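What follows is a single structure, written as structure tokens, with notes after it.
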Amino acid sequence: MGSTSSAWLQWAAEYTKAAQADALPPNEWAARVAAAAGEMEDVPFSAGLAEMLARLLLSGGSSGAAPGAAWKYAEAALAARLASPALLLALLSSRVIPQRAARPTVYRLYLELLRRHGFKFCFQMKAANFKKVMQLIDDNLNLSKIFAFPTCEPGVFIVEFVLCILWKLIDTALDDEGLLELTPEKKARWPTRPQDISAFEGSFSEQKQEKIEKLQRMNSVITIELIGHLLHDKVTTRILSLARENMQTQWGVFTNRLQLLVANSSTLQASTMSLDAFQQLILDDHNVYGYNKHNLRKRFHPMVASNPLSSPNGRCLGGSYSALWIPIDMYLEDCLDGSIAATNSIETLSGLVKALQAVNRSTWHDAFMALWIASVRLVQREREPIEGPVPHLETRLCMLLSIATLAVADIIEEADSCLGETDLSTHWKEKAASGDLRKELMLSLQALGDCESLLVPPPCIISAANQAASKAAMVVSGINIGSSYMESTNECSPNYSGNMRHLIVESCISRNLLDTSVYYWPGYINSHVNSMSHTNPSQLAGWSSFMKGAPLTQSLVTMLVSSPASSLAELEKLFEVAVNGSDEDKVSAATVLCGSTLLRGWNFQEHTVRLVVKLLSHAGSVDYSGRESQLIKHGAMLNVILTGISPVDYAPIFSFHGLVPELAAALMAICEVFGCLSPSISWLLGTGEEISAHTVFSNAFILLLRLWKFNHPPLEYCIMGDGAPVGSQLTPEYLLLLRNSQVLSASSLSKSRSSQKKLPVTSSPSSKNPIFMDSFPKLKLWYRQHQACLASTLSGLAHGTPVHNIVDSLLNMMFRKANKLSTSIGSLSESSSISNSSGPGGDDAHLWPQLPAWEILEAVPFVVDAALTACSHGRLFPRELATGLKDLADFLPASIATIVSYFSAEVTRGVWKPAFMNGTDWPSPAANLSMVEEHIKKIVAATGVDVPRLATGGSTLGRLPLPLAAFVSLTITYKLDKASERFLNLAGPALENLAASCPWPSMAIVAALWTQKVKRWSDFLVFSASRTVFHHNNDAVVQLLRSCFTSILGMSSTSLCCCGGVASLLGHGFGSHCSGGLSPVAPGILYLRIFRCIKDCSILAEDILSLLMLSVKDIAGTTVSRHQSDKLKRTKYVMRHGQISLAAAMTQVKVAASLGATLVWLSGGTTLVQSLFQEILPSWFLSVQDLDQGGSSGGTVYKLGGHALAYFAVYSGMLAWGIDPTSVSRRRERVMRSHLEFLASALDGKISLGCDLSLWRAYVSGFLELVVECAPCLLHEVDLKVLKQLSAGLRQWKEDELAVAVLRRGGPEAMGVAAELILGCEW
């Protein structure tokens, strides 16, 4: 066969030479050659014929024949599909381009041949010999070596070939104008000069030198025109988009050369050619469809094509584009509900902003602006918060001035790190460059200055805002700022009026996101002096004295505690003293560190919290048990830190910074060590106060328990499973696993912010060794007892054992007065069988068992069980029970945890008879119960939920389960002082959750009882009681969710704000101090405060989906079609009140979808989102859905519904797993693969759908469009087979562009298939 093929090709060569000599017309030549080739079965697109023609063309012909004749035969061969165009042109390019200066006519003919036939691959790919052609071209051009892709796949080869030929043309154009020297390589990628390649075999007859130069100039122009023609060609640009997506290293070099050509080519600048195509390719300004991004948005999403963040300074943001950022507002508000999360809020918030920026198709200016507005609104919403044991303004300020800024720093840092990356994962580079992001950040902060009403600082930070403004004024005035610049502020300059923008800017400057040039912004400095703004000069001078070496006297410590450090140098020195100073100085430094520096040192708070954790753990040894631990000698300092960070505002700050796992590990070590010590071991503070081992242990133990979900009813752990709310599975073991993963993760160890200064002591965790519960045997033993107490009733206490003796001793001390009155203490509990003995009278603390805390805690459940049993049998008065339990808690404050655990477990068992709160045996709530009921009705008024009536008389008055009655009576015995605060911070939330889990109106009764004790907590207590209205009524929860949708869309008659948006959903604060007194609470706030107590969150996604579609129906009912809208504009009529355009309706649909997705994500986390994709959405599509009863909307509701579901799904996935190419969870890959397989099967006809087909089409198209453009990394995780099915289904719907886009975003594996599809479509 080979010899036969050679023979016919030899014949073809001889025949061609004869035809040239005879001047045979090209069509006759082609017909004869085609017949011969057909006989030899070497058509179409013969590789041998292409090689023969290339040799003929490069030889210059023979016998004096004009070279043009040979080129005409080549043209005829290509037009008749006799020879392979790609092979012929590849062979010619390697010879003709380098000789173009000497042979301009030949080069001109080559360009014409290339323009006509160089990029027509559709039929070539189908040829039987195309694999051979690919190999021959690869051998000639080294495509696989240069582009690092094998050329075994036709589609991949075509991408490489097109990029190669265009690259050659650009290098040629650069070489013609002497611009190649400006490239980093100083040379062309392929030969462009004669010395690079062998000369022609034959000789050409060219014209005179003048004509040659003219031809050369014309050729340069034609080369540029051909490049422009290719960049405007739809097929070529789509092929190039595949190269940009999958060959980023080579693409970067290619576009750099193209940019060089655009910037320096005189030929290009002198031409009349538009530079748009050049610029778009350079700037990557083509989207996945090959269209200009802005044109695409107008085509597919006209309602958001050019819609900026509107009305940022208004407190009433309606259902407009600004409301699309509602997930940020809701996430920030959810962080402040008092629960502790083990996740890092900085990473979560930065991921949230990136996801919303992508799906909202916004600029980074809008994204940053939305973050600042949401964070400032968070502060303004509670600028005068209600009193109660919940986080207050300090926590909100931390979120605004530290966490939000660090989230922006993370985003900019990621852009910095991606600038040098060249792999497929750098889709991020399409979004932003670091310098551009900093510019966008500046623009957002400049625009923020227009929001004056939002930026008014709360009274407690006016001084800090004015200091920031004064600092800017000093810089502008040229005053040198040293370590004591604020002293100069007080002495030399007026006090300028600042606002929260000044504080935000300072936070950004401290992290190198901005520089001091921002001080020169117009209007940044306002010399209006605020009379409330003056700072105490002694506080400012304190830090200066400390830095100069002044000893930490009590007076200096007092000043430093009340004034935050102003620099990292001050913070670092403070830590050095705490580590290496004298024992007294260590205590003083720790006291200062946990004061205002931790709470209000926003500019470096991420360092401060890490230093605190290091101080709690740096002295620990590997062996946490025994007296040998190094922690013991630091007991005084540790206690100061523990009490310093115990207030309710501190724990959330550690949580925001992601330090809960590390803090928990440090606290476990402290508990393990100090729980083994006798209370006789003590430390004497400089103030003369003596603290015992019990005190240190109790402070650490109580704080540790607050870090996990200790205070929630055990019912959640037993029966809720996957339906449990977010965070309910937080346990000590899980915290340690998180801590270990953070320590051992290479990313967490190596990750450091290049944009800010790092303190050496905060660059790594306290210990790089993994820690497990086995490291803490005593804690592990107690935890097992705690779990056993939750699971079943107490048993196993044997007579004569050490635990039995401790129980006996504790009971006698707790109820010694009852003993004296001949109460049978010994028979308090038959299960304990404690013998009767007379305890000593008087309050003799030394008579309590002087035993280690762990031993006492082991006995406490039996003690409480015995006491409660005696009370239920009438052998112990309720008042004596409460007093005895309080005495036990005073002796070992940590025992309050076990008391909480026992009461929580017993309430869920339902075996105790109720206690009647009649004012005789138990305290009565009657005095305040009616007020509580009235206020609850006011609070939930905006939701339309009915409040059950509270009993006003009879036997049901004030009835509580006995364990709950005992618990509330115990808490009421506490005084509200600083010493009791840290214990009430544990007992208070536990009491609230316990009462909420009991039948209505238990929580209302508890609120009424506590209101009698603490009147100023009235608003907090009533609000807590109002939440329980929803705990026991699923219909009320659905109604509340419905109120959330109607309020944000502005469709609620009871909404707090008629225009909808954030103002209606989240309100402006709550409490009697607000204007107009106690008012309804916004539905969004109510839901964020109640969803964690919903018994089964798994059903929420279905309810939210149903409410979303109900909202779509409401929106569709007010929508005027585009045709009707245009008709109204052409007439004197206008849309009736309440009617909206289709574009506005789409925006409202998107707002509703973002709200629904946020509710799903916050309520159930990734588990509920997974259920949404794998179960709920498929079931919904399979069932029959009649959204347009009677056809009143003309089908609009189905189209809107499809888009709503698409946004709902994409929002949910993005919120749960982000859009980063490398997901932190393998769950995202499994879930997205499963959902896309469902879509592909339905498109393939393998699944029968029940929903309307127009809705289904709108959903599939909308979902895939959003994924392709906003989160393409999701497609990388899907099998190529599924992508092919999706693409085929889309082509059946005539969605060719989207079909190609899906494959294009599928990664390198899908590049060949995508190229073949591009060539097969009609564009």
Side-chain angles (χ1 to χ4, degrees), residues 312-313 365 368-369 371-373 375-377 379-380 383 397 400-402 404-405 408-409 438-537 539-541 543-544 563-568 596 600-604 756:
N313 59 333
H365 166 268
F368 290 145
M369 188 69 172
L371 176 60
W372 299 130
I373 291 295
S375 302
V376 172
R377 274 194 299 233
V379 174
Q380 295 293 7
R383 60 181 293 121
L397 290 170
L400 167 66
L401 300 174
S402 181
T405 309
V408 173
R438 284 184 166 83
K439 181 179 179 182
E440 295 293 299
L441 174 62
M442 289 181 59
L443 292 174
S444 70
L445 288 171
Q446 285 178 313
L448 186 64
D450 297 331
C451 312
E452 295 182 1
S453 62
L454 278 177
L455 295 174
V456 176
C460 64
I461 62 166
I462 288 178
S463 174
N466 292 347
Q467 287 183 36
S470 299
K471 176 186 174 183
M474 292 174 65
V475 171
V476 172
S477 301
I479 300 176
N480 183 34
I481 298 181
S483 61
S484 58
Y485 76 90
M486 291 313 299
E487 294 179 63
S488 303
T489 303
N490 277 269
E491 296 171 4
C492 308
S493 65
N495 217 344
Y496 290 83
S497 177
N499 57 30
M500 284 194 282
R501 184 174 69 145
H502 292 95
L503 295 174
I504 296 172
V505 166
E506 289 302 315
S507 180
C508 291
I509 291 175
S510 69
R511 294 171 175 95
N512 294 331
L513 302 177
L514 302 173
D515 55 38
T516 54
S517 63
V518 301
Y519 294 158
Y520 297 87
W521 288 346
Y524 185 76
I525 299 173
N526 184 357
S527 59
H528 172 70
V529 179
N530 192 318
S531 60
M532 297 178 60
S533 66
H534 295 291
T535 304
N536 186 349
Q539 294 179 350
L540 303 175
W543 284 104
S544 178
S563 178
S566 59
S567 68
L568 285 172
S596 293
R600 294 192 177 180
W602 305 296
N603 295 344
F604 41 83
Q756 57 178 298

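What you are looking at is a predicted structure, and each value in this text was computed from that prediction instead of being measured.
- In this structure Phe604 satisfies the ring pair (Phe, Tyr, Trp, His ring centres under 6.0 Å) test with no other residue, sequence neighbours excluded.
- Atom CD of Gln467 and atom OG of Ser566 lie 9.0 Å apart (nearest 0.5 Å).
- Closest non-hydrogen pair, Leu503 versus Ala468, comes out as CD2-CB, 4.2 Å.
- Residues Ser444 and Met369 share a closest heavy-atom pair of O-SD, 3.4 Å.
- Atom CD1 in Ile525 sits 12.0 Å away from atom NZ in Lys471 (nearest 0.5 Å).
- Side-chain atoms of Trp543 never come within 3.5 Å of backbone atoms of Ser567 as a donor-acceptor pair (strictly under, hydrogens ignored).
- Note: Leu441 CG to Gln446 CD = 10.0 Å, rounded to the nearest 0.5 Å.
- Of the inter-residue distances, the one linking Glu440 atom CD with Leu445 atom CG reads 11.5 Å to the nearest 0.5 angstrom.
- At least one side-chain heavy atom of Trp372 sits less than 4.5 Å from a side-chain heavy atom of Val408.
- Side-chain contact between Arg438 and Cys508: absent, with no pair of heavy atoms (C-beta onward) separated by less than 4.5 Å.
- Atom CD of Gln380 sits about 11.0 Å away from atom CZ of Arg377, to the nearest 0.5 Å.
- Looking at Met500 and Ile461, their side chains come closer than 4.5 Å, going by heavy atoms from C-beta outward.
- Considering only residues two or more places apart in sequence or on other chains, Ser375 meets the side chain to side chain contact (heavy atoms under 4.5 Å, CB included) condition with Leu332, Leu371, Leu400, Ala404.
- Annotation: the span from Leu397 atom CG to Ser402 atom OG amounts to 11.0 Å, rounded to 0.5 Å.
- Ser477 meets the side chain to side chain contact (heavy atoms under 4.5 Å, CB included) test with Ile479; sequence neighbours excluded.
- In this view, Asn499 and Leu455, Pro457, Arg501, His502 satisfy the side chain to side chain contact (heavy atoms under 4.5 Å, CB included) rule, not counting sequence neighbours.
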Worksheet item: Would Ile504 and Leu401 count as a side-chain contact (heavy atoms from CB on, under 4.5 Å) if you check the C-alpha gap in whole Å, the side-chain angles of each, and the deciding distance to 0.1 Å?
Response: CA-CA 6 Å; Ile504 296 172; Leu401 300 174; 3.8 Å; yes
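- Contact annotation: the side chain of Tyr524 never approaches that of Val476 to less than 4.5 Å [non-hydrogen atoms, C-beta and beyond].
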Practice prompt. Let me see the working for Thr405 and Trp602 under side-chain contact (heavy atoms from CB on, under 4.5 Å), right down to the final yes or no.
Written response: CA-CA 10 Å; Thr405 309; Trp602 305 296; over 6 Å; no
